[in-house]
Each structure stands twice: as structure tokens, then as C-alpha cells.
2 protein chains.
Amino acid sequence: MSVDEQRRPTRVKRLPREVRERQILDAAVRVFSQHGYHSASMDEISEVAGVSKPMIYAYLGHKEDLFAACIRREASLLVEAIANGVQADAPPDMQLWTGLRAFFRFVGAQKESWRVLHRQATSQGGPFSEELMGMRGRAISLVDALLVRSATSRGVPTKATEAMAVALVGAGESLADWWLDHPDVPEKTVASWLMNLVWMGLGDLVDGAAWVPTEG
Amino acid sequence: MSVDEQRRPTRVKRLPREVRERQILDAAVRVFSQHGYHSASMDEISEVAGVSKPMIYAYLGHKEDLFAACIRREASLLVEAIANGVQADAPPDMQLWTGLRAFFRFVGAQKESWRVLHRQATSQGGPFSEELMGMRGRAISLVDALLVRSATSRGVPTKATEAMAVALVGAGESLADWWLDHPDVPEKTVASWLMNLVWMGLGDLVDGAAWVPTEG
DNA sequence: TCCAGGACCTACTGATGAGTAGGCTACGGG
DNA sequence: CCCGTAGCCTACTCATCAGTAGGTCCTGGA
């Protein structure tokens with residue numbers, strides 16, 4: 001701890017590579033989520049991250065690589081959050097319920113992560129979307145598996161359950177976006193609305209029925 | 001018909017403004033749907049349209065204006081298609097059913113229109129998305145009104161029906177995208193899958209029940 | 001104490017692409 | 001037959017931004 005540490009700030013500090021990489025990724029997620037892939041400039045990311053542009057290229061590579069790294073990190077966190085949240089040994093409705101709640105909890109806590117995942121990555125047709133679509137595909141498969149286990153031995157065709165899983169995931173995404181504009185609604189409430197829609201169905205809701213979780 | 005019409009082709013022909021505007025908009029929709037807003041270049045649009053770049057600026061204005069014009073035209077067609085397709089005097093389930101079918105018919109017939117509307121316009125945070133979000137909002141309001149009329153006098157809160165409308169629209173969008181990758185599935189089938197999901201609910205489907213239209 | 005290597009920067013290049021200046025040509029009305 | 005105007009183009013300008021060259025400075029080990 002030399003004496004002139006704070007009066008001549010030698011920039012800020014020299015930091016190990018991992019720390020810088022985290023800072024850069026954090027900044028990139030923010031900037032990408034605000035402006036989208038194309039409108040986000042490497043200059044702005046470097047500025048937000050508090051490093052110079054060549055550092056980004058040295059550590060994370062080109063713009064596409066950087067974006068892919070963001071997607072990978074955020075998508076992993078999301079998948080992990082859901083996997084940790086869902087009760088795999090519970091009956092189907094509780095599995096869906098806990099999965100939905102974990103999903104919305106993540107979105108509520110990591111709004112920027114969600115924006116960069118849903119809004120930005122989905123719309124870019126490039127090599128990222130493969131990365132991202134893979135993750136989305138895993139989520140869909142998860143739901144699909146749930147449907148198949150539930151509806152098995154019934155004559156429901158394979159494509160039907162897959163399509164319904166796609167629809168369900170899309171409903172969740174859309175509702176998550178809506179929720180960002182209505183932050184006063186509690187997470188549990190949003191989740192229960194979607195749960196009622198897809199589990200009970202509008203037909204039942206019209207008749208006044210409603211699904212409620214069996215505990216808590 | 002002068003003699004040198006085909007040997008010295010005087011370009012192609014001089015065409016009235018409306019025709020050129022249509023050609024330009026058609027080309028713009030194609031290019032925007034393929035590359036997205038930012039990656040689409042005015043040069044490529046002009047090339048596809050078969051006119052020079054200054055014509056686009058003379059007729060349709062700047063890039064943002066052009067994109068907004070595309071969105072406006074395509075969104076109007078979609079809204080119109082649904083409005084024409086839905087049976088406003090039918091019971092709720094048939095209203096939903098006819099609306100869904102009209103929606104999927106449009107998507108099947110106008111794939112590029114759908115892509116530019118859903119994929120591209122949604123992801124750009126600019127002034128277009130206002131235009132587009134307005135249209136999407138109209139669709140949501142339509143569904144919301146249907147839910148409200150159905151579930152009226154029940155204690156369902158306003159925000160719940162709105163949120164469910166949002167989820168339903170999102171499910172439709174997601175499923176429409178999926179359908180683009182599975183064109184062998186008939187339109188009626190896709191529509192019925194979504195109808196079953198949101199009207200019957202997974203709970204009923206698990207029990208083997210299914211909703212079928214009451215006619216043809 | 002010296003030096004190797006890694007953290008970090010300024011200041012550039014080169015390409016791409018939006019938008020425009022300034023024209024030329026055909027057609028229809030006088 | 002002439003000319004105003006509307007259709008149409010070539011050939012630029014200029015800004016932005018991804019990506020890089022080539023360096024400085026610090027730290028930790030020999």
C-alpha cells in the first residue's frame with residue numbers, strides 16, 4: 001500500500017483477468033440489453049466496463065464472441081435457476097407451478113439478463129441465436145417432457161405436445177415482458193395467472209373455477 | 001411499342017409512383033425479414049426493388065420511415081385478416097377459434113410479413129416498436145375484451161385478464177414461429193393445438209378431454 | 001536489482017453504409 | 001414543336017464503428 005495510492009490514482013488498479021472479464025461481461029449485458037446487438041458499440045461497452053477497447057478484444061474476442069459469451073452466461077444462469085427451482089418429484093401441476101415461479105423469480109431479479117436473452121438474441125439470425133435457441137430448446141424439451149409424462153398413453157401425437165410446449169414457453173416469455181412494464185405486480189401473482197391459463201384453461205375459468213397451489 | 005424496346009431497354013419502363021412505392025415496400029419487407037432492421041442495407045433494398053437508392057428516399061423517406069411504412073402496411077393486413085375472420089356474434093370459444101384460425105392463415109400465407117412483424121419490429125426499441133406495439137396492443141385488447149366478456153361478474157381482476165391476453169398472444173406468436181419450421185403441419189391442426197391448450201388447459205388434457213369445434 | 005510478461009492505453013485504419021448533389025430523359029399539355 | 005415536370009440515375013460525401021498497431025507501466029520472480 002504505497003502512499004500515493006489515492007492521490008495519483010494510476011487509473012484505478014490493475015486487476016486480474018477474471019475480474020476484468022466479469023466487468024466486461026456485466027457491461028456488455030447492460031449495453032446489449034439497452035440498445036440491441038447492432039446498435040451497441042464496442043466503445044460504449046468498454047466505457048461502461050471502465051476499460052479500453054483493446055482489453056475487450058484481448059479477453060473476450062470479437063463482437064460476436066462477446067455477445068455469445070453474454071448469452072451463454074445468462075442463459076446458463078436462467079436454466080440453472082429453473083432447474084434448481086422445479087420440484088422434479090412432485091405431481092405434474094406442482095412441477096409446472098414451481099418451474100414457472102422459478103422462471104419469474106429469475107426475470108424479476110435479472111431484468112437485463114432477461115432482456116438480452118429474449119429481445120435481442122432471439123431477433124438476431126446470426127450464430128448467436130443458435131446458442132440461444134439451443135437453450136430455449138432445452139426449456140421447451142423440459143416442458144415437453146412434462147406434458148408427455150402427463151399425457152402419456154393417451155393418443156396425443158408427439159408434435160402436439162412439442163407445439164404446446166412451444167406455445168407455453170412463448171406465453172411465459174410474453175408475460176415476462178409484460179411484467180417488466182408492471183413491476184408492482186408480485187411475482188407469485190403473475191405466475192399464478194399463467195398457471196391458471198395453461199392448466200385450467202379459459203373454458204374452466206369462464207365457469208369460475210381456478211387452480212390454486214396445494215401449499216403455501 | 002418502338003422497335004428498339006428490347007435491344008436498348010431504356011431500363012425497363014417508367015412507372016407511376018404508386019407502383020414503385022409498392023415494389024419498394026415489397027422489397028423492403030423481404031430484406032428486413034431476412035436480415036433484420038440494422039443489417040438490412042438501403043442498397044440491397046433498392047437492388048431487390050429494381051430501383052436506385054434515391055428513389056426510395058424520394059418516395060418513402062429515410063430508413064426509419066421506410067421500416068415504419070412496412071410495419072404499418074403489414075400490421076394493418078394482419079389486423080384486417082383477423083377482424084374479417086373472427087365471428088363476432090358467436091359464443092366465446094368459437095370467437096377464439098375463428099380468430100386463431102384467421103391468425104394462422106395469415107401467417108401461413110404471408111410468412112415474410114410475419115417475420116418482419118414479430119422478429120424484427122419487436123426487438124428494435126426505436127420509434128417503430130411504438131407503431132408495432134400499438135398494433136400488438138390492439139390484438140391484446142381484442143383478446144382481453146373477449147376474456148372480460150366471458151368472465152364478467154366473476155371476481156377476476158382487470159390486470160389478470162390483460163396479463164392472460166398477453167400470454168395468449170405470446171403463445172400464438174411463439175407457435176407461429178414454430179410453425180414456420182414445420183410447414184407440413186396443416187394450419188387447422190396448429191390452431192387446434194393452441195385452442196386446446198388455452199381453452200381446455202393442461203389439466204383437462206391430462207384427463208384425456210379435448211376441445212373440438214362444433215362445426216366443420 | 002533486473003527483466004519477463006501481463007495489464008493497460010492512445011491513436012490510428014479501413015470498411016461499410018446512410019443519405020445527397022446534381023444531373024439526364026421521357027411524356028403530356030400547350 | 002417546345003417545355004415543364006415527374007421518373008430515374010450515377011457518383012459522390014461523411015459519419016460511424018469494428019478491429020489493430022504499437023507502445024507504456026507495473027508486478028513478481030530469479
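Computed over heavy atoms, backbone and side chain alike; hydrogens, waters and symmetry mates excluded. Protein chains get the first letters and strands the later ones, always in sequence-line order, with residue 1 at the start of each.
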For this session: Give every residue pair that meets the salt bridge (Lys or Arg N to Asp or Glu O under 4.0 Å) criterion with at least one member in residues 44-62 of chain A, sequence neighbours excluded.
Result: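 Sorted pair list: Asp43(A)-Lys53(A).
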
Nearest-Å distance for atom pair [atom1]/[atom2], residues [X] and [N]:
X	N	atom1	atom2	value
Met55(B)	dG23(C)	CE	C1'	15 Å
Ile45(A)	dC17(D)	CD1	C1'	12 Å
Asp65(B)	dA18(C)	CG	C1'	13 Å
Ile24(B)	dG7(D)	CD1	P	11 Å
Leu66(B)	dG17(C)	CG	P	16 Å
Glu44(A)	dT16(D)	CD	C1'	14 Å
His35(B)	dG17(C)	NE2	C1'	14 Å
Glu47(A)	dT10(C)	CD	P	12 Å

For this session: Give a yes/no answer on whether the side chain of Arg17(B) brings an N or O atom under 4.0 Å of OP1 or OP2 in dA6(D).
Result: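 No, no such contact exists.
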
Problem set entry | Any Tyr59(B) side-chain nitrogen or oxygen under 4.0 Å from OP1 or OP2 of dA6(D) | no

What residues, two or more places apart in sequence or in another chain, satisfy side chain to side chain contact (heavy atoms under 4.5 Å, CB included) together with [X]?
X	result
Ser76(B)	Met135(B)
Val143(B)	Leu147(B), Ala165(B), Leu168(B), Val169(B)
Asp184(A)	His182(A), Lys159(B)
Ala176(A)	Phe103(A), Phe104(A), Val107(A), Trp114(A)

Problem set entry | Within residues 103-113 of chain B or reaching into it, pairs that qualify as side chain to side chain donor-acceptor pair (under 3.5 Å) - sequence neighbours excluded |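 Passing the test, one end in residues 103-113 of chain B: Glu74(B)-Ser113(B).
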
For this session: Indicate yes or no: at least one non-hydrogen side-chain atom of Val198(B) is less than 4.5 angstrom from one of Met164(B).
Result: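 Result no, sub-4.5 Å side-chain heavy-atom pair not found.
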
Problem set entry | Set of residues satisfying side-chain hydrogen bond (donor to acceptor under 3.5 Å, both in side chains) with respect to Arg22(A), sequence neighbours excluded | none

Problem set entry | Contact letters for nucleotides 18-24 of chain D, in which S counts primed atoms plus P, OP1 and OP2 and B counts the base, heavy atoms under 4.0 Å | BBBB---

For this session: May I ask you to establish whether Lys63(A) and Tyr37(A) are in a cation-pi arrangement, using a distance under 6.0 Å from NZ or CZ to the six-membered ring centre and at most 45° from the ring axis?
Result: yes

Seminar exercise, completed: Within residues 26-34 of chain B, the residues having a heavy atom closer than 4.0 Å to DNA chain D are none

